[in-house]
Amino acid sequence: PVAAAVPTEGPLDSRLKVLAALRRSDAAALIEVMDPANGLEGFLSEGKDETPATIAEKMAQAPGSEDDQEFQRLWTLLAAPDGVARASAEWYPQWQAQLPQMLAGAQIGLTGMGAAIAESTTMTALERSQLIELQWALAGWLSRTDFADRKNFDQVLEIARAWIVASGQSHPLQLQLTGPEQRLQLADRAIKSFKQALALYGLDADGVLASVRMEEISRNGDRASVRTSFKLLDVPLAFEEDLTWFEGDWQDTETVNALKVERANAPVE
C-alpha cells in the first residue's frame with residue numbers, strides 16, 4: 001500500500017507524451033501512453049486469428065444491427081470511384097436540414113457558458129477574462145464559418161474516401177487482415193485526416209498543439225501543481241491544476257477527494 005502511493009512518474013510525463021504524439025500524428029506513441037500495459041499490442045494483434053475465409057464468412061452474414069448495416073453500406077458507397085458525388089447527393093440534404101438546429105444548440109451552449117462565467121465564485125479575474133474572450137471568439141467563429149458550404153462538405157467526404165482507398169479494403173471487416181505496419185500507417189493517417197477536416201472549418205489543430213506549454217509549478221510527494229497554457233482561436237488561455245497521485249495516475253485533487261468520500265460512505269446492501 002505504501003509503495004502504491006509513491007508516484008512512479010512526474011505529473012506532466014504522460015501529458016507531454018500525448019502532446020508530442022498528437023503533434024507528430026503518431027498513433028503508436030499515442031496508444032502506448034494511453035494504455036501502456038497492452039494497448040499497442042492489442043491494437044496490432046486484433047483479429048490475428050482471422051483468415052480471408054473467416055472474414056468472407058462473416059461478410060456473407062447479415063450485420064448484427066442497423067448501425068452496422070448503415071456503416072457497411074456507407075463504406076461501400078464511398079469506396080466506389082464516384083463515391084464522393086453519390087454520398088454527397090445522399091447526405092448533404094440531411095446535413096443541410098439538421099444544421100440550423102445544431103447551430104442553435106451551439107448558440108445556447110455559448111449563452112450557458114456566459115452564464116456560468118458570470119455566476120462562478122471560484123474563478124480568478126484572469127480566468128474570467130480569458131473565458132469571456134474565448135466565448136466571444138467562439139461566437140465569432142460560428143458566425144463567420146459557413147458550415148453549409150457544399151465544397152467543404154464534399155472535401156470532408158474526399159478525406160474519408162482517401163482513407164478508405166488507402167486501406168485497400170472493400171469492406172470494413174477486412175481491416176482485421178491488415179498487417180501491423182499498415183495498421184499504424186492507417187492510424188497515423190486517421191489523425192492527420194481529422195486535422196485536415198478541422199482545418200476546412202477554420203480550426204488549426206496543429207497550431208493549437210504547437211502553442212501548448214506545460215510546466216510543473218510545485219510538487220510534494222503525491223501532490224503537485226501544474227500550469228498549462230495554449231492558444232485557441234487566437235485567444236491565449238492558461239489554467240493551473242492541483243493534482244494527486246491516485247491509483248497509479250495523476251488526477252484532479254478535488255475529484256479524488258470526492259471519490260474517496262463516496263467510497264467511504266458506500267451504501268449498505
Side-chain angles (χ1 to χ4, degrees), residues 18 21-22 25-32 34-35 38-103 105-106 145-201 203 205:
V18 168
L22 289 174
S25 298
D26 186 343
L30 185 62
I31 294 171
E32 279 188 321
M34 298 301 289
D35 186 2
N38 57 11
L40 186 58
E41 180 181 354
F43 175 74
L44 296 178
S45 62
E46 183 181 357
K48 64 180 179 180
D49 297 328
E50 299 288 358
T51 65
T54 60
I55 292 296
E57 183 178 349
K58 290 181 179 180
M59 290 169 56
Q61 300 172 359
S65 67
E66 290 185 5
D67 288 341
D68 290 340
Q69 293 179 33
E70 182 66 9
F71 180 69
Q72 292 179 16
R73 186 184 72 81
L74 298 181
W75 179 290
T76 304
L77 179 64
L78 273 178
D82 59 346
V84 170
R86 291 170 59 195
S88 179
E90 178 179 343
W91 299 343
Y92 182 73
Q94 300 177 32
W95 169 255
Q96 205 172 23
Q98 296 171 2
L99 192 56
Q101 183 177 355
M102 295 170 61
L103 291 176
T145 303
D146 184 5
F147 294 97
D149 186 288
R150 183 69 174 265
K151 181 179 179 181
N152 286 345
F153 186 86
D154 288 355
Q155 284 183 287
V156 172
L157 294 180
E158 288 173 2
I159 291 172
R161 182 182 183 277
W163 191 92
I164 292 174
V165 172
S167 74
Q169 308 300 339
S170 59
H171 193 284
L173 285 177
Q174 293 175 326
L175 288 173
Q176 297 181 68
L177 300 176
T178 57
E181 184 176 350
Q182 186 183 12
R183 286 192 184 195
L184 289 178
Q185 290 175 349
L186 289 172
D188 291 348
R189 183 165 187 153
I191 298 176
K192 294 176 182 177
S193 297
F194 184 65
K195 292 178 179 179
Q196 290 174 344
L198 290 177
L200 291 173
Y201 295 96
L203 295 177

message: Would you say that more than 12 heavy atoms from the other residues, nucleotides or ligands in this model lie under 6.0 Å from the CD of Gln94, or not?
response: yes
- request: Please lay out, stage by stage, how Thr54 and Glu50 fare under the test side chain to side chain donor-acceptor pair (under 3.5 Å).
  value: CA-CA 6 Å; Thr54 60; Glu50 299 288 358; 2.6 Å; yes
query: How far apart are the closest heavy atoms of Asn152 and Asp146, and which atoms are they?
result: ND2-O, 4.4 Å
- prompt: What's the spacing between Thr51 OG1 and Glu57 CD if we round to 0.5 Å?
  reply: 9.0 Å
- line: Note: Arg161 and Gly83 closest approach over all heavy atoms is NE-N, 4.4 Å
message: Testing the basics here: between Glu158 and Val84, what is the closest heavy-atom pair and its distance to 0.1 Å?
response: CG-CG2, 3.7 Å
query: Can you tell me how far the OG1 atom of Thr145 sits from the CG atom of Leu203, to the nearest 0.5 Å?
result: 7.0 Å
field: Residue pair Trp75 / Pro172: nearest heavy atoms and the distance that separates them
entry: CG-CD, 3.6 Å
- request: Indicate yes or no: at least one non-hydrogen side-chain atom of Met59 is less than 4.5 angstrom from one of Gln174.
  value: yes
query: Under 4.5 Å between any side-chain heavy atoms of Leu99 and Trp95, yes or no?
result: yes
- prompt: What pair of heavy atoms forms the shortest contact from Ala87 to Leu78, and how long is it?
  reply: CB-CD2, 3.9 Å
- prompt: Under 6.0 Å from the OH atom of Tyr201, do we count more than 12 heavy atoms belonging to anything else shown?
  reply: yes
field: Heavy-atom side-chain contact between Thr178 and Ser167 under 4.5 Å
entry: no
- prompt: Would you call Glu70-Arg73 a salt bridge at under 4.0 Å N-O?
  reply: yes
query: Which heavy-atom pair separates Arg183 from Leu177 by the least distance, and what is that distance?
result: NH2-N, 4.5 Å
statement: Output for pair (Leu44 CG, Glu181 CD), nearest 0.5 Å, gives 11.0 Å
Main-chain N/O of Gln176 paired with Glu46 side-chain donor or acceptor, under 3.5 Å: no
